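First up is the structure itself, then whatever we jot down about it.
Worth saying up front: this structure is predicted, and the values here are computed from it rather than measured. Note that the numbering runs from 1 along the sequence shown for the chain.
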Amino acid sequence: MPLAWVDEISGVEPAINFLQGNGYTSQIWPHEGVEKQFLAYLPLQGWLHILTQYILGFSIYMVRFPYAIYLLLGALFLYKALKKTNINTLVSLFIIILVLNEKSLFETTRGIRVEPITFLLLSISVYGFSTKKIYIVALASSLMIVLHPYVWPAAGVFLFACFYFWNKTTKHPVLRFIKPNILWLMPVSILVFFLFFIHFDIELLYSQFVNQAERHTSFGGISSRFYNHFIRRFWPYYITQLYVPLLVYFALGYSIYKAVKMEWNPAVIAILLTHVVWFAILGPMHRYDSVLVFLSLFAVLPLLSSIRLPQQKIIYTLVALLLFGISCVDVASRQLMATVQKTERSPEKFLTWLNTNIDKNPSIISGHEIAYYAAVPNDNIDFFLFNTTPYRFDFDTYQNLYLISEKTWPNHEVVSKYAVQNTVSWDWIKNSGTHTYKSLYLLKAKSVQDYSHALRKMKSANTAERRKFTYQ
């Protein structure tokens, strides 16, 4: 099981605050005003967290469980869409396996990011197009508007395509796109609800949202942006999933070819507009790439539907087996590692140990994201991210200042050390650099000054580590 990590905690924290009666706020995001209202991120993921946590209750498993459901539902809608496009059943299943094994989607499903929700909404959209159920496309596209900016180009194209198809009695081509109709109620209603949800605080929304967006924007001149968008964006794929960038490149070339021939359709326009916007604005974050993969697949569906297995069975079977094997390398190795390290990765055992050793008097804890799951059920324990400043807590008001750390720190009492039997016997896993909960310390600072000093050192080390993998 993946360790608790920063995106997971950052995504669910405002929703938990809302359910606890503290408003849709945050104490851990760095943006100004989040303690009043959290607006740095679009709200759909937070709304879903509110709904699922209200129904399922709070635990690390119940936070993660809905994302498996999003993935399975997305796969189901995609399968139905492929079948409606007259794609062979085996080819349809093969395509779905490739999509689910794709590094970005697989990792973000385990990491509780927005990409599985994006995958579900895109799958619903493609299903709606394939069945000519335009209102379904309009609803899914409207929801994508309040999900993440990286999917706005596709959402906009899909919405205007819905308006165009709905206004089929309107002869003027421009008016067919913009003439008001009942489908407009979907995006308008969602946006109005969003404005009511944030109490129409447009200024705070602009301040936080723009600040967050600036952290993920593209940079440099044309050559730099070209390198970042077409090459650096795919750096994790080149060893184990080379077919992913090749698919994206092929689909882009195919879409340009269709555009030159004036054979426009929503898939072609969506992939082209997404490339243009991402090239100009969005930084090369590889976790976004599942969107490009999906849109690329949507764009080449006409080619896939022409595949007929009986005539060319041997060639397609060999290619399929090769791609299937390649796509499974990442998934299989991670699953194997998780299985071998099951004891060391167990959140239940670690949280039991942590809850046993934490004083229930007013305390604050940081150092590892897993501590959030211990803090939420306890009113006397607060949590913050050590690597995200400013800190919004007055350390002087707490009796206990706790740190979870891989090593000890000066003037910090070792309350306990979490030790489990080493379950790893293979050298490649031992040397992989993966982290588990094994051998973490629970430390208690002797003073606020000692606590602040340790936090600065930990934040500095964390920043240096992240710079090795950052896209800027």
Side-chain angles (χ1 to χ4, degrees), residues 70-109 115-131 137 140-141 144 150-151 153-155 157-158 161 230 233-234 237 241-259 263-275 278 286-307 309 316 319-320 322-324 326-328 330-331:
Y70 304 148
L71 195 70
L72 292 175
L73 287 175
L76 178 61
F77 277 106
L78 179 58
Y79 175 76
K80 287 181 172 293
L82 294 174
K83 292 299 293 177
K84 283 290 183 179
T85 320
N86 297 320
I87 294 179
N88 180 279
T89 299
L90 289 178
V91 175
S92 298
L93 293 174
F94 171 70
I95 291 171
I96 290 172
I97 291 172
L98 288 186
V99 171
L100 296 184
N101 283 350
E102 185 266 320
K103 182 185 290 288
S104 167
L105 186 59
F106 173 71
E107 290 182 355
T108 53
T109 301
E115 281 71 23
I117 306 171
T118 308
F119 169 65
L120 172 58
L121 295 177
L122 286 173
S123 295
I124 292 173
S125 298
V126 175
Y127 169 75
F129 278 123
S130 67
T131 56
V137 182
S141 302
M144 282 191 275
Y150 65 22
V151 79
V157 170
F158 293 171
F230 290 107
R233 180 178 303 284
F234 300 103
Y237 295 89
Q241 293 189 349
L242 182 60
Y243 66 88
V244 168
L246 292 179
L247 168 64
V248 173
Y249 301 151
F250 176 79
L252 176 61
Y254 177 76
S255 298
I256 293 173
Y257 168 76
K258 300 294 283 187
E263 297 178 7
W264 300 97
N265 61 57
V268 167
I269 300 172
I271 191 65
L272 291 177
L273 185 59
T274 298
H275 272 288
W278 284 28
H286 77 273
R287 292 193 179 98
Y288 299 162
D289 290 349
S290 60
V291 176
L292 281 182
V293 173
F294 191 98
L295 293 176
S296 298
L297 175 65
F298 187 25
V300 300
L301 277 185
L303 295 178
L304 296 174
S305 63
S306 67
I307 295 177
L309 289 182
Y316 283 127
V319 173
L322 177 62
L323 287 177
F324 176 78
I326 294 173
S327 76
C328 289
D330 266 356
V331 176

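Looking only at side-chain heavy atoms (C-beta outward), Leu292 and Arg233 come within less than 4.5 Å of each other. With contacts defined as side-chain heavy-atom distances shorter than 4.5 Å, the pair Asp289/Phe234 qualifies. Residues Leu82 and Leu301 are in side-chain contact: their nearest non-hydrogen atoms beyond the backbone lie under 4.5 Å apart. Inter-residue side-chain proximity for Leu122 and Leu295 is flagged as met; some heavy-atom pair is nearer than 4.5 Å. Proximity of Thr274 to Tyr150: side-chain heavy atoms (C-beta onward) are nowhere separated by under 4.5 Å.
The closest donor-acceptor contact from the side chain of Gln241 to the backbone of Asn101 lies under 3.5 Å. A donor-acceptor pair under 3.5 Å is formed between the side chain of Tyr249 and the backbone N or O of Phe230. For Ser123 (side chain) and Gly74 (main-chain N/O), a donor-acceptor pair under 3.5 Å exists by modelled atom type.
The number of heavy-atom neighbours closer than 6.0 Å to OH of Tyr257, taken from other residues, nucleotides and ligands shown, is 12 or below. Residue Lys83 qualifies as enclosed at atom NZ: its count of foreign heavy atoms under 6.0 Å is above 12.
Using a 30° and 60° split on the angle between ring planes, Phe119 and Phe294 fall in the perpendicular class, above 60°. Between Phe250 and Tyr254, the ring planes lie parallel to each other; the angle is under 30°, not in the 30° to 60° tilted range.
Rounded to the nearest 0.5 angstrom, Ser290 OG and Phe106 CZ are separated by 13.5 Å. Taken from CD1 in Ile124 to CG in Leu120, the straight-line distance is 4.0 Å, to the nearest 0.5 Å. Leu297 CG to Ile95 CD1: the interatomic distance, rounded to the nearest 0.5 Å, is 5.5 Å. The CZ atom of Phe129 sits 12.0 Å away from the OG1 atom of Thr85 when rounded to the nearest 0.5 Å. To the nearest 0.5 Å, the span separating CZ on Phe77 from CD1 on Ile96 amounts to 12.5 Å. Here the NE2-CG distance, from His275 to Leu252, works out to 4.5 Å after rounding to the nearest 0.5 Å.
When all heavy atoms of Ser104 and Glu115 are compared, the closest pair comes out as OG-CG, 4.3 Å. Here the closest heavy-atom approach between residue Pro116 and residue Tyr70 is recorded as O-CB, 4.0 Å. Looking at every heavy atom in both residues, Val151 comes nearest to Thr118 through CG2-CG2, 4.0 Å. A pairwise comparison of heavy atoms in Val291 and Trp278 identifies CB-CH2, 3.9 Å as the closest pair. Minimum heavy-atom separation, Ala140 to Leu121: CB-O, 3.6 Å. Here the shortest heavy-atom pairing between Pro266 and Val157 reads O-CG1, 3.5 Å.
Looking only at atom types and distance, the side chain of Glu102 has a donor-acceptor partner in the side chain of Tyr237 under 3.5 Å away.
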Assess whether side chain to side chain contact (heavy atoms under 4.5 Å, CB included) is satisfied between Asn265 and Phe298, documenting all intermediate values.
CA-CA 11 Å; Asn265 61 57; Phe298 187 25; over 6 Å; no
